[in-house]
Trainee: 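Structure provided below as structure tokens; questions to follow.
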Amino acid sequence: MSKFQAPKGVSEYFPQRSAHFEFVRATLIESAKLSGYQLIELPVFEDTELFTRGVGESTDVVSKEMYTFEDRGGRSITLRPEGTAGVMRSVIEHNLDRGQLPVKVWYSGQFFRAERPQAGRYRQFYQVGIEAIGLNDPEIDAEVIAVAHNAFVKLGLKDYHLEITSLGDSLTRERYTKDLRQYITTLALDEATFERSALNPLRLFDDKREEIRALMQKAPVLMDYLTPESAEHFSQVQRTLKALGIEFTINNRMVRGLDYYTGTAFEFVHHRLGAQSGIGGGGRYDGLMSALGGAELSGIGFGLGVDRILLACEAEEISLPQDAALQLFIVPIDEAAKAIAMQTAQNLRTNGFSVDIAYGDRALKGGMKAADKSGARYAMVLGENEISTGSAQLKNMQTGESISVTLRTLQDELAQLIKLI
RNA sequence: GUGGUCGUAGCUCAGCUGGUAGAGCAUCCGGUUGUGGUCCGGAAUGUCGCGGGUUCGAGCCCCGUCGAUCACCCCA
């Protein structure tokens with residue numbers, strides 16, 4: 001048992017699974033790039049106030065899940081619990097919104113929330129996110145959803161569904177929550193549940209208990225409160241999604257954990273992940289930019305949970321690719337050969353071949369075993385004979401066949417062989 | 001933050017009603033001169049998560065603690 005342990009609730013990826021993780025992340029990123037999003041690389045910590053103002057003081061994320069500390073200059077710093085606020089800060093700070101709109105960016109990295117760990121819920125987790133800032137166009141909403149959809153299709157995920165809704169503008173929300181609260185006061189709720197509803201009445205829609213769900217059946221629905229403009233925007237989003245062949249269900253009781261969402265909101269829910277089933281979600285945020293001191297621009301984006309999407313792939317038994325096989329494994333059998341092996345490997349590597357060597361003083365048999373374990377396509381023994389004759393046997397590790405090559409032209413011969421596979 | 005379950009070699013696990021630990025896989029070495037995968041033989045490995053307590057004696061009982069896991073809360 002090692003003396004040090006990883007901090008509670010962090011996910012770690014090491015071989016072989018790390019290749020799967022990287023593949024999932026790369027696939028998500030690729031989808032964003034294919035739709036014209038460009039990388040924005042941001043710090044993992046920000047001024048605490050960015051999140052309290054941006055995400056919302058009353059949200060659980062801000063009120064009880066942030067990793068906040070004081071730096072040496074006495075500033076309050078917080079490890080980012082989500083990505084959108086940081087993107088907005090950077091866009092405002094560097095005037096990225098002064099050019100052509102929308103600004104389309106993607107990001108990827110770690111996020112932090114101090115929650116009790118659970119299946120698919122970590123204190124440090126990975127997201128790939130995108131933001132399209134500056135245009136309030138329903139087609140962009142559809143595009144953002146499509147970027148996630150395309151990535152999931154590419155990965156081969158099937159057992160999930162997409163829920164969408166419209167949360168309306170802030171005025172609509174105000175009028176609606178007032179009525180909803182009114183309705184809730186007419187219900188006979190236990191203390192804890194009532195407390196919960198006081199914080200955010202929408203949460204009762206999410207309650208796991210049947211009796212509460214039944215009670216909420218008759219509650220007012222936000223959709224009925226939408227302004228004509230919001231309603232039209234939302235139906236246009238739906239029409240576009242249908243035209244793109246993206247299936248969805250409308251969930252007019254969707255609850256979002258971050259305060260800044262307005263208008264279109266959506267969530268991808270996987271069916272085999274237990275309690276933490278959201279693999280990605282996002283929505284439009286109209287007031288966020290201005291609330292953070294920027295222009296009156298709206299935006300829309302999503303965050304996809306890389307850890308959870310990997311778990312979803314595994315739950316669906318999707319076979320994810322491993323790293324490409326090593327091309328050559330050299331087995332030197334004495335000191336002189338070792339020096340030549342290093343030289344040879346160096347030459348090949350700098351020319352783009354993947355090469356490994358049997359290090360240590362292993363016997364030939366051990367070296368060949370190492371070659372086998374490495375998964376390399378070819379193995380080559382180097383010893384006195386090879387050095388004196390200048391030629392060696394390249395052994396195909398799958399067929400067991402060997403062919404003679406001259407060390408001088410090894411690179412070309414290897415290139416030929418690799419191409420043949 | 002609350003609750004349930006769990007914590008034995010690198011991995012997966014066994015260990016009966018308390019008597020100071022085992023298997024499979026993996027690792028390493030070997031099966032006569034320089035070629036892996038199968039097979040055979042052999043070896044190494046654990047302060048039984050950590051700290052206390054009960055006991056003549058604890059991996060097995062009790063308490064605490066750390067971690068994992070599942071659920072709640074919440075969410076990616």
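Chain identifiers are assigned alphabetically (A, B, ...) following the order of the sequence lines, protein sequences preceding nucleic acid strands; residue numbering begins at 1 within each chain. Nothing here was measured: the structure is a model prediction, and the numbers come from that model.
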Trainee: Go ahead and name the base partner of B:U32; Watson-Crick or wobble counts if both distances stay under 3.5 Å, otherwise write none.
Mentor: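 Its partner is none (no Watson-Crick or G-U wobble pair with both distances under 3.5 Å).
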
Trainee: Report which part of the nucleic acid A:N385 touches: base, sugar-phosphate, or nothing (heavy-atom distance under 4.0 Å, all strands).
Mentor: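 Base contact.
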
Trainee: Taking the six-membered ring for Trp, does A:Y126 stack with B:A76 (centroid gap under 5.5 Å, planes within less than 30°)?
Mentor: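 The base of B:A76 is not stacked with A:Y126 (the test needs centres under 5.5 Å and planes under 30°).
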
Trainee: Give the nucleotide from the list B:C75, B:G34, B:G37 with an atom nearest to the side chain of A:K369.
Mentor: B:G37

Trainee: Please name the nucleotide paired to B:G3 by Watson-Crick or G-U wobble geometry with both distances under 3.5 Å, or report none.
Mentor: B:C70

Trainee: Need the pair for B:A23. Rule: Watson-Crick or G-U wobble, both distances under 3.5 Å, any strand; none if unpaired.
Mentor: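 Check on B:A23: paired to B:U12, both distances under 3.5 Å.
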
Trainee: Mind checking if A:E384 touches a base, just sugar-phosphate, or nothing, with heavy atoms under 4.0 Å?
Mentor: base

Trainee: Heavy atoms from C-beta onward define the side chain here; which of B:C74, B:A71, B:G34 lies closest to that of A:A119?
Mentor: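 Per side-chain heavy atoms of A:A119, the pick is B:A71.
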
Trainee: Can a cation-pi geometry be assigned to A:R175 and A:Y225, taking NZ or CZ under 6.0 Å from the six-membered ring centre and within 45° of the ring axis?
Mentor: no

Trainee: Tell me which nucleotide among B:A76, B:G36, B:A71 gets nearest to the side chain of A:D372.
Mentor: B:G36

Trainee: Please walk me through it: do A:H161 and A:H271 pass ring pair (Phe, Tyr, Trp, His ring centres under 6.0 Å)?
Mentor: CA-CA 8 Å; A:H161 71 273; A:H271 307 320; 5.0 Å; yes

Trainee: Starting at CG of A:L155, measure out to CD of A:E316 and round the result to the nearest 0.5 Å.
Mentor: 10.0 Å

Trainee: Is A:R89 salt-bridged to A:E46, going by a charged N under 4.0 Å from an acidic O?
Mentor: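 Between A:E46 and A:R89 there is a salt bridge, with a charged N closer than 4.0 Å to a carboxylate O.
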
Trainee: Under a 3.5 Å cut-off for both distances, is B:G64 Watson-Crick or wobble paired, and to whom?
Mentor: B:C50

Trainee: Rounded to the Å, how far apart are A:K365 NZ and B:U38 C1'?
Mentor: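 These atoms are roughly 11 Å apart.
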
